[in-house]
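Letters go in sequence order (proteins before strands), and every chain restarts at 1.
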There are 2 protein chains.
Amino acid sequence: MIAQWLCYNRSETFRGEQAQHKSMARRHNIDGRPTIAQIARIAGVSVPTVSKVLNGRADVSLPTREKVERIIEEYGFVRNRAARALRKGKTGLVDLLLPRLDDEYYLPILEGVAQVLREAGLRLVLTATDYKPEEEVRWITTVTDHSTDGILVVLPSERAIEQLERSGLPFVLIHNQGGLQATAPSVRITSWEGGFVATTYLLRLGHQRIAYIGKTSPARDAIERIAGYRAALDAAGLPLMPELECDGDFTEASGYQATLRLLELPEPPTAIFAGNDRQAAGVYRALHERGLVVPEQMSVVGFDNLPYTEIMNPPLTTIHAPRLELGRTAATMLLRLINGEQLEMPRVVLPTHLVERQSCSPPRQQQE
Amino acid sequence: MIAQWLCYNRSETFRGEQAQHKSMARRHNIDGRPTIAQIARIAGVSVPTVSKVLNGRADVSLPTREKVERIIEEYGFVRNRAARALRKGKTGLVDLLLPRLDDEYYLPILEGVAQVLREAGLRLVLTATDYKPEEEVRWITTVTDHSTDGILVVLPSERAIEQLERSGLPFVLIHNQGGLQATAPSVRITSWEGGFVATTYLLRLGHQRIAYIGKTSPARDAIERIAGYRAALDAAGLPLMPELECDGDFTEASGYQATLRLLELPEPPTAIFAGNDRQAAGVYRALHERGLVVPEQMSVVGFDNLPYTEIMNPPLTTIHAPRLELGRTAATMLLRLINGEQLEMPRVVLPTHLVERQSCSPPRQQQE
DNA sequence: TTTCTTGTGGAAAACGATTTCGATTTCTTT
DNA sequence: AAAGAAATCGAAATCGTTTTCCACAAGAAA
């Protein structure tokens with residue numbers, strides 16, 4: 001047992017694996033990792049010449065270039081990023097600030113950002129603020145120290161935006177909560193339309209009593225979703241039914257509890273529009289517990305289109321939130337800003353759309 | 001419509017928001033962001049003194065310190081990270097390499113790493129290799145340029161490990177695939193025990209015909225899981241049943257297809273051990289399609305304990321893979337290495353355990 | 001009063017790359 | 001063959017911080 005917990009000695013490994021480089025290095029009196037100056041000396045050229053080769057500049061003759069390239073290859077030289085960043089004023093890093101990392105909602109956003117940055121040869125620094133103001137203060141000071149070329153913030157607070165604008169660094173907001181007057185570059189989704197479309201879909205199926213879950217959250221997207229719901233009812237000439245607008249903080253548990261309350265109503269709804277997919281999962285659980293089957297006895301619509309909605313039973317009809325594109329466009333915009341370009345469209349809104357699966361059907365005749 | 005797509009002019013914003021700093025800066029002929037030298041000049045001290053204040057050194061008198069601190073605060077000075085990194089040889093950055101970002105399996109690992117790094121005041125650079133060798137080559141050269149202080153790699157390839165050892169940078173492997181002889185510091189989970197425990201659990205419930213899905217993957221964890229399954233059968237005195245060992249590449253679809261094939265067997269199994277939760281979801285789908293109910297007509301066990309297993313219907317019994325701890329311990333080990341310490345336990349294996357939910361029950365009497 | 005600490009502060013040399021600009025060489029042109 | 005143009009290369013400055021080491025002053029010990 002003990003034998004396999006062999007002690008790992010870093011310097012030993014280093015010596016072992018770097019042997020071939022080491023021997024060459026010794027000949028030229030190099031201690032550790034080679035620098036541009038050492039490469040230059042070995043190649044018999046000047047430091048700027050090596051730099052020019054490294055940066056693919058034109059004013060280097062072919063023989064010189066090849067010689068230098070050979071030496072670089074031979075010694076496994078890689079240039080020191082810190083020195084480069086210092087001189088060029090660019091770090092090649094972009095900061096992405098997420099509220100949480102354990103929430104899979106943000107995953108495609110992250111993926112989208114990573115894709116674009118990778119294509120551009122930039123690297124991604126990830127920070128989770130955990131919704132805590134102290135954390136925000138920490139990253140604000142740590143982020144504005146020129147250690148990154150630009151900043152992407154998901155669900156930024158007002159204070160965060162102020163700090164960002166003050167810093168002078170390029171930044172783009174994702175899911176900006178701010179008021180309409182904010183001019184900062186941002187990417188959002190059409191939450192209102194999503195709410196409207198989902199509700200309209202249920203209305204078209206013939207539902208008259210449609211509940212909404214998710215009234216608690218003060219987030220802008222949540223507010224827009226319920227507003228879309230109300231607008232759709234209104235457009236259909238139906239009155240608002242306050243008893244069908246349930247609290248819900250966008251967790252599975254709140255969807256569960258809201259559903260139980262809805263089922264105890266004298267006249268329960270025939271369809272439930274959950275403000276997000278997690279709540280929809282809670283709705284499923286409550287319905288299953290009460291022995292109601294989806295969609296025959298209750299239609300359900302979610303929001304976000306998380307991956308697992310496909311494998312729910314039955315698969316959940318939901319509003320697709322284009323989260324990958326959210327990340328991609330935000331990153332693309334940021335690259336423009338970093339490049340000193342102007343954004344012709346600083347405030348982008350990405351469309352949502354309905355994904356029809358099997359959790360909805362027309363209501364039963366006469367509600368029993 | 002057009003009105004709200006106001007053009008965002010970065011330099012304008014900069015001018016506006018930084019006005020109060022700017023005015024002071026102008027008095028002292030400062031153009032952009034202040035440097036240590038400018039702070040020093042304004043405070044009437046030397047550059048090293050400011051640096052000493054910044055680094056909390058002892059050889060600065062209280063009045064001087066306070067004066068400098070006041071100026072720093074007043075001008076909103078933050079030091080340039082690149083310069084600091086160049087001089088100190090440390091960047092304050094740690095690289096995390098993940099195969100994919102759109103796979104929620106890795107999310108808790110990421111979260112764990114982020115937690116530990118945040119506590120240590122380091123920042124996380126995230127890279128996705130996308131399982132592509134070219135990508136790996138790219139990051140290998142880009143990552144070993146001293147731009148990060150250490151590297152964490154999830155599911156590293158052999159070549160990646162070689163490169164890492166050659167680079168001389170501290171690194172820790174997560175889910176190392178390598179052979180037992182590898183001495184590189186790594187963190188894994190007890191996949192074999194997980195497979196053994198899951199299978200034994202089903203055996204104890206009375207199942208005799210237990211299928212396993214997930215034979216295709218060459219990943220070490222996959223191999224260990226099926227080995228654990230076989231060992232449990234063996235320990236129970238049961239023969240191996242090759243027709244019950246199904247191919248499966250750990251996707252939902254493969255779980256679905258494998259299940260359909262299993263159900264067509266002359267003598268189908270009474271329980272299915274899916275190599276991971278995604279495959280288990282496919283199992284559920286196939287069973288539901290065929291009208292079989294879990295667990296009465298088929299017991300199912302998963303592996304990984306992904307978040308959505310809790311809201312599956314019925315909730316899935318599965319093997320918990322401690323992914324958060326995987327990230328935390330790997331990051332903790334890396335910090336030690338960065339700090340120049342030795343690891344007394346360079347190869348850590350984290351325990352898995354069974355999470356009992358409602359997808360298993362004793363087999364029906366007499367199989368019909 | 002003299003010497004020895006102790007405490008403060010600064011001059012200058014790093015760190016490793018990039019960039020500017022001038023010097024040299026080579027190649028055309030007249 | 002001389003003069004001008006083009007290609008090639010390098011010396012030195014620079015980015016902003018940290019670190020080493022030395023100078024100086026004030027207080028303590030002789």
Side-chain angles (χ1 to χ4, degrees), chain A residues 25 28 30-69 71-72 75-93 142 144-149, chain B residues 25 30-69 71-72 75-93 141-142 144-149:
Chain A
H28 292 272
I30 294 174
D31 43 352
R33 163 175 272 94
T35 71
I36 237 187
Q38 290 160 340
I39 296 296
R41 190 148 41 83
I42 296 163
V45 297
S46 73
V47 168
T49 302
V50 178
S51 177
K52 285 170 186 172
V53 171
L54 249 17
N55 293 300
R57 286 187 128 67
D59 57 345
V60 181
S61 69
L62 192 59
T64 312
R65 174 182 303 279
E66 282 174 345
K67 180 173 57 180
V68 172
E69 277 171 349
I71 306 277
I72 286 174
Y75 284 78
F77 167 80
V78 279
R79 52 187 159 192
N80 183 314
R81 276 212 181 214
R84 186 160 214 253
L86 173 59
R87 181 60 234 235
K88 300 199 66 154
K90 299 259 172 188
T91 58
L93 260 34
T142 197
T144 54
D145 59 358
H146 260 35
S147 66
T148 53
D149 298 339
Chain B
I30 295 175
D31 43 351
R33 166 176 270 94
T35 71
I36 254 191
Q38 289 158 341
I39 296 296
R41 191 149 40 84
I42 296 162
V45 296
S46 75
V47 168
T49 302
V50 177
S51 177
K52 285 170 185 173
V53 170
L54 248 16
N55 292 301
R57 285 188 127 66
D59 57 345
V60 179
S61 69
L62 192 59
T64 311
R65 174 181 303 279
E66 282 174 345
K67 180 173 57 182
V68 171
E69 277 170 348
I71 305 278
I72 286 174
Y75 284 78
F77 167 79
V78 279
R79 54 189 157 189
N80 183 313
R81 277 213 181 211
R84 184 162 217 252
L86 173 59
R87 180 61 233 231
K88 301 200 66 155
K90 299 258 170 189
T91 58
L93 258 35
T141 57
T142 196
T144 54
D145 60 357
H146 263 198
S147 66
T148 53
D149 297 339

Worksheet item: Reckon A:R57 touches a base, only the sugar-phosphate, or nothing at all at heavy-atom distances under 4.0 Å?
Response: sugar-phosphate

Worksheet item: Hey, does A:V45 reach any base, or is it just sugar-phosphate, or nothing, if we go heavy atoms under 4.0 Å?
Response: sugar-phosphate

Item to complete: Check every atom of D:dT18, C:dA12, D:dG10 against the side chain of B:N55 and return the nucleotide holding the closest atom.
Response: D:dT18

Worksheet entry | Any B:T35 side-chain N or O less than 4.0 Å from OP1/OP2 of D:dG16 | no

Discussion item. What is the distance, to the nearest angstrom, from the CD atom on A:E66 to the C1' atom on D:dT8?
Written reply: 16 Å

Worksheet item: Whole-Å distance between C:dG10 C1' and B:K52 NZ?
Response: 7 Å

Worksheet entry | Nearest to side-chain heavy atoms of B:R79, which nucleotide of D:dA12, D:dT17, C:dA12 | D:dT17

Practice prompt. Give a yes/no on whether any side-chain N or O of B:R87 is located under 4.0 angstrom from OP1 or OP2 of C:dA14.
Written response: no

Discussion item. On DNA chain C, compare the nucleotides closest to B:S46 and B:L86; which residue's is nearer the 5' end?
Written reply: B:S46

Worksheet item: Would a 4.5 Å heavy-atom cut-off, applied to side chains only, mark B:I36 and B:N80 as touching?
Response: no

Fill in: Proximal nucleotide (of C:dG9, D:dG16, D:dC9) relative to the A:S61 side chain
D:dC9

Discussion item. At less than 4.0 Å, is any side-chain N or O atom of B:N80 found next to OP1 or OP2 of D:dC15? Yes or no.
Written reply: no

Worksheet entry | Euclidean distance, atom NZ of residue A:K90 to atom C1' of C:dA17 [Å, nearest integer] | 17 Å

Item to complete: For B:S51, answer base if it contacts any base atom (sugar-phosphate contacts may also be present), sugar-phosphate if it contacts only those atoms, and nothing otherwise; contact means non-hydrogen atoms under 4.0 Å.
Response: base

Discussion item. In whole Å, I'd like the distance from the CZ atom of B:R41 to the P atom of C:dG9.
Written reply: 20 Å

Worksheet item: With side chains defined as the heavy atoms from C-beta onward, is the minimum distance between B:R79 and B:L54 less than 4.5 Å?
Response: yes

Item to complete: Return the nearest nucleotide to the side chain of A:V47; candidates are C:dG10, D:dT17, C:dT18.
Response: C:dT18

Item to complete: Take atom CZ of B:R84 and atom C1' of C:dG16, then tell me their distance rounded to the nearest Å.
Response: 18 Å

Practice prompt. Grab the CD1-C1' distance between B:I39 and C:dG10 for me, whole Å please.
Written response: 18 Å

Worksheet, complete the sentence: With the side chain defined as heavy atoms from C-beta on, B:D59 is closest, among C:dT8, C:dA17, D:dT19, to C:dT8

Item to complete: Select from A:T49 and B:L54 the residue whose nearest nucleotide in DNA chain D is closer to the 5' end of that strand.
Response: A:T49

Discussion item. Taking the side chain as everything from C-beta on, heavy atoms only, tell me whether B:V53 gets closer than 4.5 Å to B:E69.
Written reply: yes

Worksheet entry | Value in whole Å for how far the P atom of C:dG9 lies from CD1 of B:I36 | 16 Å

Worksheet item: For the residue pair A:A82 and B:A85, what are the closest heavy atoms and their distance?
Response: CB-CB, 3.8 Å

Worksheet item: Does some side-chain heavy atom of B:V45 sit less than 4.5 Å from a side-chain heavy atom of B:K67?
Response: yes

Fill in: Closest nucleotide among D:dG16, C:dA17, C:dT19 to the A:K88 side chain
C:dT19

Discussion item. From the set D:dT17, C:dG16, D:dG10, return the single nucleotide nearest to any side-chain atom of A:A83.
Written reply: C:dG16

Fill in: Student check: side-chain heavy atoms of A:N55 and A:R84 closer than 4.5 Å
yes

